[in-house]
Structures are given as structure tokens and as C-alpha cells.
Protein chains: 2
Amino acid sequence: MTPPKNGKSKMERTTAADVARAAGVSISAVSRAFTPNASIAKQTKSRVMQAATALGYQPNPLARGLITRRSGMIALLMSEVTNPFYPAVLETFARALSSRGKRIMLFTPGEDEPLEALLPQALGYGVEGVVITSARPTAEMTAACESAPVPVVLFNRTVEGAAISAVGCDNEAGGRKIADFLVESGRKRPAFVAGLAGASTSLYRERGFTAGLTAAGLPTPPRHVGDFTFEGGLRAAEELLDLKEQPDAIFAANDIMALGVLDGLRRVGGLRVPEDVWVVGFDDIAAAAWPSFSLTTFRQPIKRMVAETLRILESSDDGAPVPPSTVLVPGRLIERNSTAG
Amino acid sequence: MTPPKNGKSKMERTTAADVARAAGVSISAVSRAFTPNASIAKQTKSRVMQAATALGYQPNPLARGLITRRSGMIALLMSEVTNPFYPAVLETFARALSSRGKRIMLFTPGEDEPLEALLPQALGYGVEGVVITSARPTAEMTAACESAPVPVVLFNRTVEGAAISAVGCDNEAGGRKIADFLVESGRKRPAFVAGLAGASTSLYRERGFTAGLTAAGLPTPPRHVGDFTFEGGLRAAEELLDLKEQPDAIFAANDIMALGVLDGLRRVGGLRVPEDVWVVGFDDIAAAAWPSFSLTTFRQPIKRMVAETLRILESSDDGAPVPPSTVLVPGRLIERNSTAG
DNA sequence: TGTCGGTTTGCATAGGTTTGCGCAAATTGG
DNA sequence: CCAATTTGCGCAAACCTATGCAAACCGACA
């Protein structure tokens with residue numbers, strides 16, 4: 001209802017020149033006033049700031065980004081948002097970045113859009129860093145990551161032999177820990193439900209798991225693929241029920257599958273958890289703590305993982321990529337009722 | 001491993017000038033080649049395009065946005081990402097926009113950052129449109145929305161008396177539909193679990209619900225606040241169990257609360273659903289269909305809601321805001337086992 | 001008072017694109 | 001074959017800010 005304070009049409013932004021005129025200084029003075037630790041007198045800075053707030057001015061990120069090649073944006077390449085683990089990651093990133101004045105640009109592959117095409121696009125926007133999550137990078141992709149002009153971090157993924165930074169939880173140790181836990185609790189016939197074929201997370205968790213079982217003299221566990229989805233977990237449960245030797249414990253590479261397994265065992269198979277079968281997941285999503293499930297799981301410390309990711313992204317102060325480093329944050333087994341008794 | 005094809009350092013982008021030189025044309029020809037229906041000969045366009053792909057050129061969105069004020073980005077203001085309904089919305093938006101070559105900029109309020117501060121920031125980035133979801137706009141906010149230079153759409157929210165476009169599901173009709181369903185099924189003592197105080201969605205759903213009950217001669221239902229969270233639903237269930245007259249049906253203003261209610265009734269109260277109490281939710285999130293819950297709920301047609309939102313955003317071809325329109329998409333009651341029998 | 005070291009400030013340019021304008025070329029109609 | 005249009009293309013301005021460089025300024029010390 002109220003017209004804008006200044007005389008200009010509401011269509012045009014107030015520019016640095018307007019502020020400069022109002023404050024009686026040059027444009028560069030305005031620019032310096034908004035640049036942290038730039039060479040400017042305290043007095044002029046305050047005069048500029050005063051004029052700026054009066055006019056409602058704030059620097060145009062696009063024009064600024066055109067020069068500095070820093071647009072104040074971090075690209076997040078994320079292909080699956082349905083698994084509740086990733087919204088939690090997204091939110092953690094969003095909050096952490098928001099408090100630093102940075103913004104998230106979300107890149108999700110469209111219908112027939114390959115993931116590789118997204119990275120150049122993101123770089124074109126002058127993002128200050130790229131976080132790639134939940135994707136199996138192709139060879140082409142890793143090459144693109146290595147030659148990117150800004151830091152790139154794989155979140156919750158690793159690529160062996162590639163010079164790319166990666167942050168994740170120690171999946172192998174997690175799988176091992178779960179195997180040890182089951183063995184110590186006297187479980188004899190554990191089974192495994194894998195995620196998407198080729199996903200490094202599933203792979204490492206399985207590796208640690210089988211290693212732990214083997215060390216205890218147990219055979220390699222029977223194995224089904226659940227594609228990291230609830231429905232996949234349901235199907236896996238049904239298939240595992242058909243085995244001659246029914247498993248007495250099931251470790252699913254991911255919580256959402258574990259919940260599917262648990263539900264399948266109970267509702268379709270008519271089994272009781274934990275009395276008949278134990279179920280263990282990985283991630284510790286919110287639903288794992290719901291009374292209906294009370295799922296024992298390996299908690300991924302999202303906050304620390306995000307913090308480490310940002311630390312890597314920000315470790316180069318001139319914006320250039322940094323020597324690749326891999327950070328494995330330790331997780332923790334959360335025991336709940338799906339393994340009690 | 002392989003060095004970049006062109007001789008330039010990998011640090012510098014290939015610019016329009018490079019392409020122009022390679023194609024033997026002027027810079028403007030390159031620009032026109034990338035501008036839809038610009039005045040350019042077919043032949044030169046193809047020559048430009050050929051050179052462009054050879055050099056791996058694509059227009060710099062920042063520089064382009066600086067002039068056109070169209071950066072190819074849509075701002076999404078979203079405060080709570082934990083309720084699974086919103087990730088689903090986010091993903092639908094991401095996919096729809098991705099296939100149109102647009103990108104999402106996610107704005108989430110930081111620790112102590114007010115939501116109002118986010119809108120000017122978003123506009124500063126030259127976004128082509130703003131979608132605000134899951135927020136109760138303040139008076140100040142609505143004023144800012146009304147005078148924004150680009151279309152702004154409230155998603156799943158409405159503000160009465162404000163000149164802002166809004167897209168949502170017909171919450172009142174949904175509440176009414178649920179009331180009718182419960183009444184027709186012979187329920188006598190329905191209760192209601194509200195969301196956050198002041199949220200328009202919860203308000204309208206309650207209004208339709210109580211209207212339906214009143215029309216059937218039933219009293220205004222007992223009411224508890226669940227804050228739109230699972231834990232809130234748990235608490236609401238406990239409180240409703242303490243009532244003198246235990247309800248025989250509970251309608252929660254959103255699925256995640258309904259699941260909390262359901263779990264609370266079963267695990268804490270020792271009741272059976274649906275034998276002892278019916279439970280109905282609103283949204284139809286993925287977990288509602290899980291066998292453990294099998295929650296009857298009112299499905300919000302996310303895809304259509306998103307499509308309508310984008311239609312409004314794109315309805316102005318010169319980028320200016322459009323006369324506000326409110327679109328209410330009809331939803332549908334999905335009957336599952338939480339109300340069977 | 002002159003000079004010197006350090007801090008501020010302004011000028012001018014860069015950054016990559018879009019677009020109005022003018023001119024040349026091609027097309028059309030008579 | 002010529003005039004009237006249409007079409008195609010290059011030049012240069014514009015968008016808005018950051019920053020190197022040099023000038024101006026300040027206080028202080030000899």
C-alpha cells in the first residue's frame with residue numbers, strides 16, 4: 001500500500017552510485033565499506049552505512065560475483081531427496097550456510113538429465129564450492145571434479161583412486177561394529193540387505209560387516225538388494241523369509257530399508273522383532289526412533305560431517321581447489337528395541 | 001588426467017569472445033545465437049553453436065542476469081524441512097524446474113535470522129520468482145511480497161486480505177470431507193489435533209472439520225496442539241487418553257502428527273487402531289502407506305500444486321508480478337486400515 | 001618547516017553478457 | 001532492372017561492483 005520511500009520506481013534497485021551520492025563519497029568508498037577489512041576510515045564507513053540503510057541498499061551479489069567469481073553460493077548436487085537422511089543433511093547444510101551469509105543452490109537432475117551436465121552448470125554460476133551427495137560419480141565426472149576451479153567435496157561417497165575430497169562416516173568400521181555386536185549377542189545367522197549396486201556406502205558397510213562375521217567364524221551372510229528404498233526393504237524381507245535357513249538377524253545398509261524389512265517381517269511374515277529376528281539399520285533417521293520401530297542403528301553424525309565438509313570448502317581462502325583430503329567421522333551404534341532381548 | 005582441449009588455463013572460463021573469434025563472427029552474433037527467437041541467420045547460428053560446443057562454452061548466467069534481471073533461478077523460502085511433506089515438495093519443484101533449465105535457490109532462515117530478511121536477499125540475486133512455503137507471513141512480510149518486482153507465490157499457505165498469489169489444497173473441504181466420512185461411518189466422539197498455532201493450513205482444516213461435525217449434530221471436538229511434529233502427536237495422544245470420554249476417532253492436521261498419535265495410542269496407551277480408535281491424517285506422506293501405519297489420510301496433490309505454482313510464476317512473460325490469484329487444488333481421501341472396520 | 005611512512009580516497013578499468021541503433025545485404029514485388 | 005522492405009550483423013553502451021594504482025592526506029619526527 002505504502003509507496004517506496006525513495007522517489008525511484010520500485011522496479012529499479014538502489015545502486016552503489018545512489019549511496020555514494022547520498023553520502024558524498026565515491027562509489028569505491030561504498031564498495032570498500034561493504035568489503036570486510038578493506039582500507040577505509042571508520043568515519044566514512046559509518047557515513048556510507050548510514051546512507052545505505054536509509055536507502056535500503058545492499059550490494060548486488062550478481063555484479064559482485066561477476067568480478068570476484070564468488071557469488072556467495074554453494075552448489076548442492078543431490079539426486080535422491082526421498083530418503084529422509086538427505087533432507088536432514090540438506091537442512092543441516094542450509095542452517096550452517098545461512099548463518100555464514102551463504103546460500104544453497106540446489107541441483108537435481110531432471111527427467112533425462114545426466115548428473116555430469118550439472119557440474120559445469122553449477123560452476124557457471126560462480127559457486128564457491130560444490131557438494132555432491134548421493135551419486136555414483138562416473139569416470140567422466142571425477143575428471144570434471146578434479147579440474148574444477150573451486151573445491152569439490154563428495155558427501156557420504158568416496159571414489160577410490162580419485163583426487164577428490166570426500167567426507168563421510170566410517171562405513172566399514174560401522175559395518176564391522178554391527179557384526180561384532182550381533183556376534184557378541186549370540187546371533188548365528190545374520191543376513192545383509194544391500195543398497196544400490198555400486199554405491200560406495202553400501203559396499204563399505206557390507207565389507208566391514210562380512211569381515212566381522214568372518215572373523216567370528218561365521219559364513220558370508222546371505223544377501224539381497226534393496227535399492228535403498230522402503231519397498232526394496234519389504235521385498236528383501238519377503239525373500240529372506242523364503243530361505244531354508246531363516247536369518248536371526250538382518251542388517252540393512254540404510255535405515256529406510258531396515259524399516260521396510262522390519263515392517264515386512266512383521267506384517268507380511270508374521271514374525272516378531274526382536275523375539276524372532278533382529279533388525280539393524282544405518283543412518284539413524286528420525287523414524288528409527290519412533291516407538292513402532294525403535295530401530296537399532298548406526299548413527300551418522302550429520303552435524304560433524306557437514307561441519308567437516310564446510311571446513312574443507314573454506315580451507316582455501318583464495319577460492320582455489322585444495323589438495324584432496326578424505327575425512328571419516330566416527331559414528332555410534334544406537335541400541336534400541338529391534339535388537340533387545 | 002587429460003589436459004583441457006583449449007590452450008587456456010583451466011582457471012578461466014571460455015567467454016563469448018572466444019567463441020566469436022573461433023566462429024569468425026561478432027560477440028553479438030554469439031549472444032543472439034543463444035537467445036531464443038532472436039534475429040539471426042540459420043547458417044551463422046549453426047556455425048556459432050558448433051564453435052560453442054567445441055570450446056565448451058555456455059553463457060555466464062551471472063553476466064546475463066546482471067542485464068536481463070533474470071538469473072534463471074527461483075527462490076524457495078522454506079523454514080522447516082523435517083516434516084517429510086516438504087522434502088517431497090522440494091523434490092517435485094526441483095525436478096519440474098530442472099527440466100525447464102531453471103535452478104532452485106534455497107533460503108532457510110539461520111539461527112536468529114528472521115524470515116523477512118530473506119526476501120530482499122532473494123530479490124537481490126535476481127531470482128525470477130519466489131515461492132514461500134511453510135511460514136506464517138507477518139504484516140511486514142506481506143507488504144514486501146506485494147511490492148516485489150517478481151511474482152511471489154505462497155505455497156500451502158494463505159493470507160486473507162493480502163494481494164499475494166497462493167496455491168494450496170482445499171484444506172477446508174478436506175477437513176469437511178474427513179468429518180463427513182467419520183460421521184457416516186458412525187463415529188460419535190471425534191477429536192482434533194492441531195498444528196502450529198496460527199498456521200493457516202491447520203486453521204482451515206479444523207474449520208471444515210468442526211463444520212462437518214456440527215452439521216451432523218455432534219459437539220465441537222476436543223482439541224490438542226501437536227505443533228506439526230511426531231512428538232507433538234505422541235503427547236496429544238497421551239492427553240487425549242486422559243479425557244473422561246475417550247474419543248473414538250482422531251483427526252490430526254498433518255500426517256506426521258497422525259503417525260505420532262497412532263504410535264502413542266498403540267505403544268503408550270495400549271489401544272488398537274482401528275478397533276478401539278480411528279486415526280486420520282492429512283498430506284499422504286510416504287510413511288502413511290507403510291504397513292505398520294496404513295494411515296487413512298487426505299492426499300495433497302503435490303504435483304498439481306507445484307504445476308499451478310509454476311504456472312503462476314511463469315504467467316508474466318516480462319517478469320513483472322502478476323495480479324494475485326488463489327488456486328485451490330482439490331485433494332482426495334485415501335482410505336487405509338487406520339479407519340477400517 | 002621539510003620529509004617520510006602509512007593510511008584513505010578516487011579514477012579508471014575489468015568482468016561477460018544483452019540490446020538498441022545504424023548500415024549493408026538479401027529478398028520481394030512490380 | 002529498380003525501389004521498397006525485410007533481414008542480418010557489428011559497434012558501443014549498459015548492467016553494477018571490485019580493485020590496482022596513483023594521488024592526496026595525515027601525523028610525526030628530524
Side-chain angles (χ1 to χ4, degrees), chain A residues 8-9 11-48 51-52 55-72 120-121 123-126 128 149 318-319, chain B residues 8-9 11-49 51-52 55-73 123-126 128 149 318-319:
Chain A
K8 316 188 68 168
S9 153
M11 298 301 300
E12 4 185 338
R13 282 171 55 81
T14 58
T15 152
D18 300 329
V19 178
R21 212 175 307 123
V25 295
S26 78
I27 298 181
S28 17
V30 178
S31 170
R32 279 186 250 270
F34 280 90
T35 306
N37 52 38
S39 170
I40 188 171
K42 233 178 176 180
Q43 184 193 349
T44 41
K45 176 167 183 174
S46 75
R47 220 176 46 232
V48 168
L55 294 174
Y57 167 81
Q58 51 184 30
N60 185 329
L62 265 55
R64 164 177 282 181
L66 195 56
I67 302 180
T68 60
R69 302 202 162 276
R70 307 271 202 116
S71 55
Q121 277 195 35
L123 296 177
Y125 272 100
E128 298 179 11
D318 63 338
Chain B
K8 315 189 68 166
S9 153
M11 299 298 301
E12 0 184 342
R13 282 172 55 79
T14 57
T15 151
D18 300 329
V19 177
R21 209 174 311 120
V25 295
S26 80
I27 298 181
S28 22
V30 177
S31 170
R32 279 187 250 270
F34 281 90
T35 307
N37 53 38
S39 170
I40 188 171
K42 233 179 176 178
Q43 183 192 349
T44 41
K45 177 166 183 174
S46 75
R47 217 171 56 227
V48 168
M49 284 310 193
L55 294 174
Y57 166 81
Q58 51 183 29
N60 185 329
L62 264 56
R64 165 178 281 180
L66 194 56
I67 301 181
T68 59
R69 302 201 162 279
R70 306 270 202 117
S71 55
M73 300 188 293
L123 295 177
Y125 273 99
E128 299 180 10
D318 64 339

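Nearest to the side chain of B/Ala29, among D/dG10, D/dC16, D/dT19, sits D/dG10. Distances from the side chain of A/Ser31 to the nucleotides C/dT19, D/dA18, C/dG10 place D/dA18 closest. Nearest to the side chain of A/Ala41, among D/dC15, C/dT8, D/dG10, sits C/dT8. Side chain of B/Thr68, nearest nucleotide from D/dC11, C/dG10, C/dT18: C/dT18. In the set D/dC11, C/dG16, C/dG10, the nucleotide with an atom closest to the side chain of B/Ile67 is C/dG16. When distances are taken from the side chain of B/Asn60 to each of D/dC16, C/dT19, C/dG16, the shortest belongs to C/dG16. Of the candidates D/dT7, C/dC11, C/dT19, D/dT7 carries the atom nearest the B/Ser39 side chain, counting heavy atoms from C-beta on.
B/Arg70 places its CZ atom 15 Å from the C1' atom of C/dT19, with the value rounded to the nearest Å. Atom CG in B/Asn37 sits about 15 Å away from atom C1' in D/dT7, given to the nearest Å. When rounded to the nearest whole Å, the span between CG of A/Leu62 and P of C/dT18 equals 13 Å. Rounded to an integer number of Å, the gap from B/Arg32 CZ to C/dG16 P is 20 Å. The interatomic distance linking B/Leu123 (CG) with D/dC16 (C1') rounds to 17 Å, in whole Å. Spacing between atom CD1 of A/Ile27 and atom P of C/dC11 amounts to 9 Å, rounded to whole angstrom units. In this structure, CD1 of A/Ile40 is placed 12 Å from C1' of C/dG10, rounded to the nearest angstrom. Look at NZ on B/Lys42: it is 15 Å from C1' on D/dT7, rounded to the nearest Å.
Between B/Tyr125 and D/dC16, a side-chain N or O to OP1/OP2 separation shorter than 4.0 Å is absent. For D/dC9, the OP1/OP2 oxygens have a side-chain nitrogen or oxygen of B/Thr44 closer than 4.0 Å. Remark: A/Ser28 is not in phosphate contact with D/dT19, judged by side-chain N or O atoms under 4.0 Å from OP1 or OP2. Taking side-chain N and O atoms only, B/Arg69 has no distance below 4.0 Å to OP1 or OP2 of C/dT18.
Of the possible polar contacts, one joining the A/Tyr125 side chain to the B/Ser71 backbone as a donor-acceptor pair under 3.5 Å is found. One N or O on the side chain of B/Arg47 and one on the backbone of B/Ala23 form a donor-acceptor pair closer than 3.5 Å.
Rounding to the nearest 0.5 Å gives a distance of 8.0 Å between CD1 of B/Ile67 and OG of B/Ser31. The CD1 atom of B/Ile40 sits 4.0 Å away from the OG1 atom of B/Thr44 when rounded to the nearest 0.5 Å. Note that CD1 of B/Ile27 and CZ of B/Arg21 are 8.5 Å apart. Values are rounded to the nearest 0.5 Å. The structure places CG of B/Leu123 at 11.5 Å from CG of A/Asn60, a figure rounded to the nearest 0.5 Å.
Across all strands shown, B/Val25 has heavy atoms under 4.0 Å from sugar-phosphate atoms exclusively, and none from any base. Residue B/Leu66 is in base contact, counting any heavy-atom pair closer than 4.0 Å across all strands shown.
The base of C/dG15 does not come close enough to the side chain of A/Arg64 for any donor and acceptor atom to sit less than 3.5 Å apart.
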